[in-house]
Amino acid sequence: MAGTIWRAGAKNDIPARAIAGLAAVATPIAPAWALPQDFPASRHLADIAPNLVWEAAIAAIVVCAFLASIAIWIHSALRGMRNAQLRRNVFISSALNNLSQGVIMTDRDNRVVFCNDRFLDIYGLSRAEMPRGCTGRDLIALRRQRGKLAVSIEEYAKRAREPEGYVTELPDGRLVLAKLFDLPNGGMVGVHEDCTEQRKLGRQLDQTKQFLESVLDHVPVCVAAKSIQDGRYIFANRAFEAFSRMSRDRIVGSRAREIFSPATAENIEAADKAALAASEASYRSELVVERRGEKRILASNRVIARNENNEPEFLIALFEDDTERRSLSSELENTKKFLELVVDNIPVSVIVERVADGRYLLANRSAEIVLNRKREEVTGLTSSDIFNPREAKLIIARDDAAIKKGGLLIEEHPISTKDGLRLFLTRRMTVAGEDGAPQYLIKTHEDVTDRRQTESRMAHMAYHDGLTDLPNRAAFLQALSQMIEACESTGEEFAVLNVDLKGLKEINDVFGHAIGDKLLIEVAHRIQDAARGGVVARLSGDEFGLIIDGKQPDAGQALAEQLAAAIAVEFQIDGKPIRTALTTGISVFPHNGSEGASLLANAGAALFRAKAKSRGSITFYQPEMDQQIRDRRVLHQELSLSIKNGELSLYFQPQAASGRTVDSSEIIGFEALARWHHPVRGFVPPSDFIPLAEESGLIVEMGEWILRQACREAASWPKPLQIAVNLSPAQFVHGDLVGLVHSILLETGLAPDRLELEITEGVLIEDFERGLGLLRRLKALGVRISMDDFGSGYSSLSYLQAFPFDKIKIDRAFVMNLGRNPQSAAIVRAVIDLGHGMNMSIVAEGVETLEQLGFLAEEGCDSVQGYLLGRPMPIETYDKLVGRSNANVLESVRKVG
């Protein structure tokens, strides 16, 4: 357009230059015209010389000829320029009409000045439909009229001016990408391109990539790919994840030295260099790697992928763990080497010393940590030769004490190692010779530093919520008792706040429990910030407790308002905006109670009233709130009648042996769960009636019904599967529980070893000795005893030590966080190791994803339970599983789960 403006200026300049030329020619004869006006020409004409007249005439003829030539030149130049312009226009029009993109141009008044054939072809238009003076807006309106534009003209113009343009889907399924560009003179250029094939190829490329990744993920061989330029991993399949025991997110984007030990990384890099230098397309080798302190031998095959310039770009590694095969081959070669290998791979330090002279005869590799030197160097030496005088003196004294005792001597003490001071559990045992005298002293040293740290963490778990890490109900009641002690007889007041989070169940139903758990964590942080260091605890799923001192009720009211304001701010959880609110009930010491339990109960009653009044409100406890208690009594009466009226029913949830997939997880039993279908209220959630039954003591009657029905049902199954039944702490206090279980087993004919009774730590908290005695008597009947919800309350290790539980159930709060929270993974792993170390099997609750199932199977968890395997349903749903049908069992699990 700028060129057009320039050419127009050039055309206007030609006449101007011609006029300037004429002025220059006329200048020499100007004196002839510059005569006075009163000059008498007729009188003096005769006086003019004849030659002057001829000169003037000739000059006039020359001027006229010059002017004529100028005019002819101007006309010729203008015609030449018009012809050149026409040729250029024809060339440009021909070029634009042959573009694969549609092009349309408008001027500053939005009038269409050009439109190529491709544009008309794309939208099925003709030039007859574009009258003179047609505007760009008219064309867009025409496209909307034909159904070839779904958005408004303004929206289209706005989005088409964006860098990525706007894609329109035409009625025939074609996709057209439109981009608008503004011109300096105020006009506009529009480019329209049919991108149907491009988008189709893009989708096909994505599908192909996903297919290939899926195939590689199901290949049983470990596959990894890395960029040769920077050495970072760009792909790792599931087999690689399982072998390395690291997530794909941890592997991809990292170099070998960032995720493996230095020795392993050095071996990997050496193999990579050898593959790059090899002349063949692939390079096979064996290399040694370390995995959590153990060395693994890998059979590796490396392939170099090259770009179009035949330059190395990617390295693809395929490998298998060849350790076991090599180990077995070595064992078969020589029995002695096998025994040495066993000793060397004992996870504790083993040292054998001759009693006669105190010389070391044997030390395994693990002993090198304690000895701070190679085991080959200590053979034939004494403690005095190995350690400094002070350490040697202590060691010799302990050795002599063990020899004199003649039995097992156990002690824990710190030992300096290259990794610093570590805590070791040392066992000393003498071996007598044929004459009965001590001949050898066997010493084992086990590093228990990590175990003690785990026990410390588990002790922390006893008083803290597993999800939010806030103090739990037990810790809150302790703090409440301490606060009462401090304020008694001083006249000081404090308030107890019981706050409830609005709509958590709905959030879990809509977004999933993972989002709900993250919301609870964020809510806990905001409550802690608002409490400014005060006592904050998570009392139950969506309830929190706080203690605030100061002048009451003002201090309690102010804190409740601060909490409400803090929680009212919208949460962003994984990109999802979530709004919720707090409802608060408050009781005040000493006016509303002088004991921690009563203060908390009255705060709960106030919370109940606040919920009934309006969600998000703040209510202080008032004596008239006892009406709520009366309402609860009505519900209690209805619950009591529900058993007789047949309103209670049992649902069953499958339990399966841990496998890496659902298909490989064999169903081994079910857990019986009570459900209440009220004729008026409808389905009453267990979270509503179970606590009521616990508080009122009705759980004893209900528990007997549940146990009898579950045993009767299980006895009717063709398959001898396990049946698990929860026992309430109240059942241990009231009645003869052992006699009841015995009589139900006889009545229903169920084999005792098929019945599993699940208890919580509450059974042992109230009366440890009595609860322990009842558990031992139940165990004597032949039934199995399981510790339920391990980790969610006290879960004291002393309980596990005092009673040999058959099973430990890991609370779902830890299982739900697997893959998101490394602490949960560490806790689950520690509980599994702890249980196995005490010969107890482990079951994990709340398994909902294949990733959780795979992790638990990898870590050796014995069995699992959760929605992935099956939801709680009437037993008729699981007829195939209990042997009432020959159809595919696992297909039933998938349908229900």
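Worth saying up front: this structure is predicted, and the values here are computed from it rather than measured.
For the pair Arg473 and Phe476, the cation-pi criterion (under 6.0 Å, within 45° of the ring axis) is not fulfilled.
Taking a 6.0 Å sphere around CD of Glu561, one finds it holds more than 12 heavy atoms contributed by other residues, nucleotides or ligands.
Summarising the geometry, atom CD belonging to Glu522 is positioned 10.0 Å from atom CD1 belonging to Ile578; distances are rounded to the nearest 0.5 Å. In this structure, CD on Glu701 lies 5.0 Å from OG on Ser640, to the nearest 0.5 angstrom. Note: Gln637 CD to Leu698 CG = 11.0 Å, rounded to the nearest 0.5 Å. Remark: Leu582 CG to Asp500 CG distance equals 8.0 Å, nearest 0.5 Å. Expressed to the nearest 0.5 Å, how far OG of Ser649 lies from CD of Gln709 amounts to 10.0 Å. Rounding to the nearest 0.5 angstrom, the gap separating the CD atom in Gln655 from the CD atom in Glu845 is 8.0 Å.
The ring-ring contact (aromatic ring centres under 6.0 Å, His included) search around Phe689 returns Trp676, not counting sequence neighbours. In this structure His836 satisfies the ring-ring contact (aromatic ring centres under 6.0 Å, His included) test with no other residue, sequence neighbours excluded. Qualifying salt bridge (charged side-chain N to carboxylate O under 4.0 Å, His left out) partners for Arg708, counting only residues two or more places apart in sequence or in other chains: Glu704, Glu747. Residues that satisfy the side chain to side chain contact (heavy atoms under 4.5 Å, CB included) test with Asn726, not counting sequence neighbours, are Glu671, Leu673, Glu758, Asp788.
Taking all atoms of both residues into account, the shortest heavy-atom contact from Ile586 to Ala495 is CG2-CB, 3.9 Å. When all heavy atoms are compared, the tightest approach of Ser658 to Ala857 is CB-CA, 4.2 Å.
Between the side chain of Thr468 and the backbone N or O of Asp465, no donor-acceptor pair lies under 3.5 Å. Here the side chain of Ser665 pairs a donor or acceptor atom with the backbone of Thr661 at under 3.5 angstrom. The backbone N or O of Pro590 lies less than 3.5 Å from no partner atom in the side chain of Ser594, so there is not a single donor-acceptor pair. A donor-acceptor pair under 3.5 Å is formed between the side chain of Gln653 and the backbone N or O of Gly870. Distance alone, capped at 3.5 Å, is enough to place a donor-acceptor pair between the Ser617 side chain and the Ala610 backbone. The backbone N or O of Gly854 sits nowhere less than 3.5 Å from a side-chain atom of Glu858 that would complete a donor-acceptor pair. Within the 3.5 Å criterion, the main-chain N or O of Ile832 finds no donor-acceptor partner in the side chain of Arg829. Side chain of Arg526 to backbone of Ala566: a donor-acceptor contact under 3.5 angstrom is found. Here the side chain of Gln552 pairs a donor or acceptor atom with the backbone of Gly550 at under 3.5 angstrom. At distances below 3.5 Å, not a single donor-acceptor pair connects side-chain atoms of Asn592 with backbone N or O atoms of Leu599.
Between Met787 and Phe803, every side-chain heavy-atom pair lies at or beyond the 4.5 Å cut-off. Taking the side chain as every heavy atom from C-beta outward, Asn602 and Asn498 never approach each other to under 4.5 Å. Side-chain contact between Leu648 and Trp705 is present, with heavy atoms from C-beta onward closer than 4.5 Å. In this structure the side chain of Val499 never reaches within 4.5 angstrom of the side chain of Leu607, judged on heavy atoms.
Within the 6.0 Å centre-distance limit, the rings of Phe670 and Tyr878 are counted as a close aromatic pair.
Between the side chains of His678 and Glu638, a donor-acceptor pair is found at a separation under 3.5 Å. Using modelled atom types, one finds no donor on one side chain facing an acceptor on the other under 3.5 Å when comparing Gln482 with Gln478.
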Could you list the donor-acceptor pairs under 3.5 angstrom formed between side-chain atoms of residues 812-819 and any protein atom two or more places apart in sequence or on another chain?
from: Asn817; atom 1: OD1; to: Arg820; atom 2: NH2; distance (Å): 2.8
from: Asn817; atom 1: ND2; to: Ala813; atom 2: O; distance (Å): 3.2

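Residue pairs that meet the ring pair (Phe, Tyr, Trp, His ring centres under 6.0 Å) test with at least one member in residues 557-602, sequence neighbours left out, are Phe494-Phe589.
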- Message: Show, in sequence, the C-alpha distance, side-chain angles and deciding distance for Phe732 and Leu778, and conclude whether the side-chain contact (heavy atoms from CB on, under 4.5 Å) test is met.
- Response: CA-CA 11 Å; Phe732 282 72; Leu778 287 171; 4.3 Å; yes
- Task: Test side-chain contact (heavy atoms from CB on, under 4.5 Å) on Gln557 and Ile618 and set out the steps.
- Result: CA-CA 8 Å; Gln557 179 75 27; Ile618 301 170; 4.0 Å; yes
- Item | Step-by-step side-chain contact (heavy atoms from CB on, under 4.5 Å) determination, Phe544 to Leu563 | CA-CA 11 Å; Phe544 297 84; Leu563 292 173; over 6 Å; no
- CA sep, side-chain torsions, deciding dist, call: Ile723, Leu755, side-chain contact (heavy atoms from CB on, under 4.5 Å): CA-CA 5 Å; Ile723 182 68; Leu755 176 61; 4.1 Å; yes
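In this structure, Glu756 pairs ionically with Lys807, as a charged nitrogen and a carboxylate oxygen lie closer than 4.0 Å.
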